[in-house]
Amino acid sequence: TGVVPRLNQKLNDLEIDFKIKDDVNKKIKTKPVGKNEIEGITFRDAQVEILKDVSGNARGVIHAAVGVGKSLVALGIFHQHKTLNPKCKILFIAHTIDLVVQAADQFKDHFKVGVWQGKKRTDGDIICATIQTAKAIGIEKLQKMFSVLVWDECFHENTWVETVNN
């Protein structure tokens with residue numbers, strides 16, 4: 001699944017020589033989060049399974065129905081990374097300021113959270129920002145600043161493509 005296999009197939013179909021540098025299968029050191037590992041949160045069984053599935057993967061997409069609690073899963077992912085690397089910085093991107101504020105509010109009881117909106121920026125271990133702000137900063141600079149990127153509702157594909165291309 002994903003864009004890499006489709007790109008690979010298309011380039012092969014067009015008989016174009018290419019090499020894709022990709023770390024889709026790259027593994028990283030993490031520890032799965034248990035059901036009651038984060039104080040004040042009890043993960044549901046489905047959330048624990050998702051966290052086990054994503055544990056150790058450098059990247060991926062979590063596709064789950066509304067109401068599954070993907071934001072809590074994101075919190076579990078943050079916990080995994082902060083447990084092993086307390087100094088890591090995490091960027092949470094959403095496509096609207098309402099989603100940024102909602103996420104920051106949900107994360108603030110567990111981590112120091114900053115919100116970046118345009119030129120207004122507060123610091124934290126987790127930074128919640130809109131795609132527009134991320135785009136203004138630039139992907140290269142963001143890659144140097146953050147160890148982990150979580151993109152809420154990443155199906156807003158055109159925005160991502162524009163951000164990476166610009």
Establish whether [X] and [Y] are linked, either directly or via other cluster members, by ILVMFWY side-chain heavy-atom contacts under 4.5 Å.
X: Ile41; Y: Val150; result: yes
X: Val113; Y: Val100; result: no
X: Trp151; Y: Val101; result: no

(request) Can you sort out the partners of Asn85 under side chain to side chain donor-acceptor pair (under 3.5 Å), two or more places apart, ordered by chain and number? (result) none
Just verifying a value: how many Å separate [X] [atom1] and [Y] [atom2], rounded to the nearest 0.5 Å?
X: Leu51; Y: Glu49; atom1: CG; atom2: CD; answer: 9.5 Å
X: Phe107; Y: Gln102; atom1: CZ; atom2: CD; answer: 9.0 Å
X: Leu72; Y: His79; atom1: CG; atom2: NE2; answer: 13.0 Å
X: Leu99; Y: Phe92; atom1: CG; atom2: CZ; answer: 7.5 Å
X: Ile38; Y: Gln80; atom1: CD1; atom2: CD; answer: 8.5 Å
X: Cys88; Y: Phe146; atom1: SG; atom2: CZ; answer: 10.5 Å

Can you give me every donor-acceptor pair (side chain of residues 116-130, partner residue at least two apart or in another chain, under 3.5 Å) with its distance?
| unit_1 | atom_1 | unit_2 | atom_2 | d |
| --- | --- | --- | --- | --- |
| Trp116 | NE1 | Thr122 | O | 3.2 |
| Arg121 | NE | Gly118 | O | 3.3 |
| Arg121 | NH2 | Gly118 | O | 3.4 |
| Thr122 | OG1 | Val115 | N | 2.8 |
| Asp123 | OD1 | Lys89 | NZ | 2.8 |
| Thr130 | OG1 | Gln132 | OE1 | 3.4 |
| Thr130 | OG1 | Thr133 | N | 3.2 |
| Thr130 | OG1 | Thr133 | OG1 | 3.1 |

(request) Please report the C-alpha distance between Leu91 and Met145 in whole Å, then the side-chain angles of each, then the deciding distance to 0.1 Å, and finally whether the side-chain contact (heavy atoms from CB on, under 4.5 Å) criterion is met. (result) CA-CA 9 Å; Leu91 178 61; Met145 297 168 69; over 6 Å; no
(message) Tell me the closest heavy-atom pair linking Glu39 and His110, and the distance in Å.
(response) O-CE1, 3.2 Å
(request) Tell me, please, which residues at least two apart from Lys112 pass salt bridge (charged side-chain N to carboxylate O under 4.0 Å, His left out). (result) none
